[in-house]
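What follows is one structure encoded as structure tokens, with my remarks underneath.
In what follows, chains are A, B, ... by sequence order, proteins preceding strands, each numbered from 1. These numbers come from the heavy atoms of this one structure, side chains and all, not from hydrogens, waters or symmetry mates.
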Number of protein chains: 2
Amino acid sequence: MTPTYDPFTHPASRVALEVFRLNGALIAAGDALVAPLGLTSARWQVLGAIAEAGGGLPTAGIARNMGLTRQSVQRVVDDLSAMDFVRFAPNPHHKRAKLVQLTPEGAMAFAAASACWAPVADALAAAISSPALEATAGVLRRLAETLAQQTEARHALAGWTTDPRAHPTEDTP
Amino acid sequence: MTPTYDPFTHPASRVALEVFRLNGALIAAGDALVAPLGLTSARWQVLGAIAEAGGGLPTAGIARNMGLTRQSVQRVVDDLSAMDFVRFAPNPHHKRAKLVQLTPEGAMAFAAASACWAPVADALAAAISSPALEATAGVLRRLAETLAQQTEARHALAGWTTDPRAHPTEDTP
DNA sequence: CTGACATTGACAGCTAACTGTCATATCGAC
DNA sequence: GTCGATATGACAGTTAGCTGTCAATGTCAG
């Protein structure tokens with residue numbers, strides 16, 4: 001019982017290739033959509049994560065929520081700060097890790113971006129049906145989870161957990 | 001009849017965010033998987049596109065098949081050429097656009113990468129069921145198509161098609 | 001209180017996508 | 001056959017992810 005179709009026709013491979021394509025298409029569409037606002041897809045996404053967090057998280061927390069590294073998010077946050085779309089508020093729990101919050105300009109820009117996106121999202125929902133979209137989102141989430149478990153297991157097999165004190169103290173997910 | 005949920009809960013937005021996440025997870029997993037072979041996710045994908053094309057396409061054709069720009073693919077193909085994983089065969093139809101073909105080493109590397117990927121793909125299929133994966137792939141493909149139509153329509157509205165001879169002669173997809 | 005460990009920000013460097021531009025090659029209309 | 005449109009490769013520059021590393025901060029066991 002080892003299905004293992006050839007690499008091109010395996011269902012998981014087909015999904016992976018479609019994910020790559022749609023990811024590229026979404027980024028391209030997003031860039032075009034919010035360029036008039038001085039935004040990019042990446043900045044828009046970070047802005048959204050900050051908005052969703054309600055301004056109560058530092059950079060590293062936002063990165064965790066987005067599934068990215070804190071370094072990547074930090075660079076974008078610095079850009080947004082230079083544009084006066086975000087500001088840093090003191091964090092009662094940590095002296096260096098300031099809380100990232102939207103400025104009024106940032107909130108306006110995010111609202112404008114959302115307004116640009118809404119008709120596109122509705123068009124996509126018109127083409128697919130919301131229940132099917134929800135189901136798809138669920139499948140994608142479970143695939144990401146399973147994939148994480150898989151690679152974690154591979155790391156374990158690669159002689160990595162058998163050694164205590166082997167961890168470089170940080171950033172080895 | 002304008003659903004337009006808020007930006008975070010709209011079904012299309014949720015799918016988009018899951019696509020971003022899974023895309024990142026797949027690239028990370030792929031990089032780790034094929035690193036021992038001297039490959040990366042990008043090189044592996046290009047290698048696969050060349051294998052699938054049977055060595056009968058130039059760089060630009062491979063890029064079209066992958067949904068990327070020819071410049072991106074060109075750089076990776078040059079890397080693969082430097083590693084002796086691909087070679088350039090004369091193209092009977094075009095003097096400059098050589099056909100990109102796998103060398104025996106390249107074919108071996110791709111086969112090895114496929115062998116590394118197979119158990120992961122099977123694990124994903126075990127977690128989700130192949131019919132559901134096929135359905136998901138279909139939804140993703142249709143989303144990409146719809147998105148392309150949408151952005152194309154936006155370009156048209158931006159006063160772009162009403163003008164003949166407006167095209168900069170190249171690369172304006 | 002102290003020392004090990006985890007978290008965070010900051011900086012440097014790498015990879016992989018993108019756009020823009022140019023010269024060259026092919027194709028098609030006339 | 002020639003000329004405009006298209007396709008291709010090449011090169012330069014930008015953006016957005018990543019890893020690696022370090023110092024500073026916070027947390028917790030002892």
In whole Å, what is the span from the CG atom of N23(A) to the C1' atom of dG17(D)?
-> 11 Å

Over all atoms of both residues, closest heavy-atom pair of W44(A) and G30(A) = CZ3-CA, 4.0 Å

Short question: side chain of T59(B), backbone of Q74(B) - any donor-acceptor pair under 3.5 Å?
-> no

Output all residues satisfying side-chain contact (heavy atoms from CB on, under 4.5 Å) with A97(B), sequence neighbours left out; order by chain, then residue number.
-> P58(B), N91(B), H94(B)

Once you round it to whole Å, what is the distance between P of dT8(D) and CG of N65(B)?
-> 11 Å

Expressed in angstrom and rounded to an integer, what is the separation of L68(A) atom CG from dT15(D) atom P?
-> 18 Å

So, is R75(B) near the phosphate of dA16(C), with a side-chain N or O under 4.0 Å from OP1 or OP2?
-> yes

Go through the side-chain N and O atoms of T40(B) and D31(B) and say whether any donor and acceptor fall under 3.5 Å apart.
-> no

Does the side chain of S72(B) get closer than 4.0 angstrom to OP1 or OP2 of dC18(C) through an N or O atom?
-> yes

Selection: residues 91-102 of chain B, any non-hydrogen atom under 4.0 Å of DNA chain C | H93(B), H94(B), K95(B), R96(B)

Residues in contact with DNA chain C, drawn from residues 43-64 of chain A - heavy-atom cutoff 4.0 Å = P58(A), T59(A), A60(A), R64(A)

Transitively linked via ILVMFWY side-chain contacts under 4.5 Å: V46(B) with L102(B)?
-> yes

Go through residues 25-39 of chain A and report each residue with a non-hydrogen atom lying under 4.0 Å from DNA chain D, sorted by number.
-> none

So, is T40(A) close to the dA16(D) phosphate, meaning a side-chain N or O under 4.0 Å from OP1 or OP2?
-> yes

Quick one: do the D78(A) and S81(A) side chains pair a donor with an acceptor below 3.5 Å?
-> no

Going by atom type alone, with no hydrogens or angles, which donor-acceptor pairs under 3.5 Å involve a side-chain atom of residues 11-27 of chain B and a protein atom two or more places apart or on another chain?
residue : atom : partner : partner atom : Å
S13(B)  : OG   : W117(A) : NE1          : 2.8
S13(B)  : OG   : P7(B)   : O            : 3.1
R14(B)  : NE   : E134(A) : OE1          : 3.1
R21(B)  : NH1  : N65(A)  : O            : 2.9
R21(B)  : NH2  : N65(A)  : O            : 3.1

dG20(C) base to Q71(B) side chain: any donor-acceptor pair below 3.5 Å?
-> yes

Please evaluate the base of dG9(C) for a donor-acceptor partner in the side chain of R70(A) within a cut-off of under 3.5 Å?
-> yes

Does any N or O in the side chain of S72(A) come within less than 3.5 Å of the main-chain N or O of L68(A), such that one atom is a donor and the other an acceptor?
-> no

Residue-level proximity of residues 77-89 of chain B to DNA chain D when a heavy atom falls under 4.0 Å | none

Indicate yes or no for a side-chain donor-acceptor contact from T151(B) to the backbone of L147(B) under 3.5 Å, with no hydrogens or angles considered.
-> yes

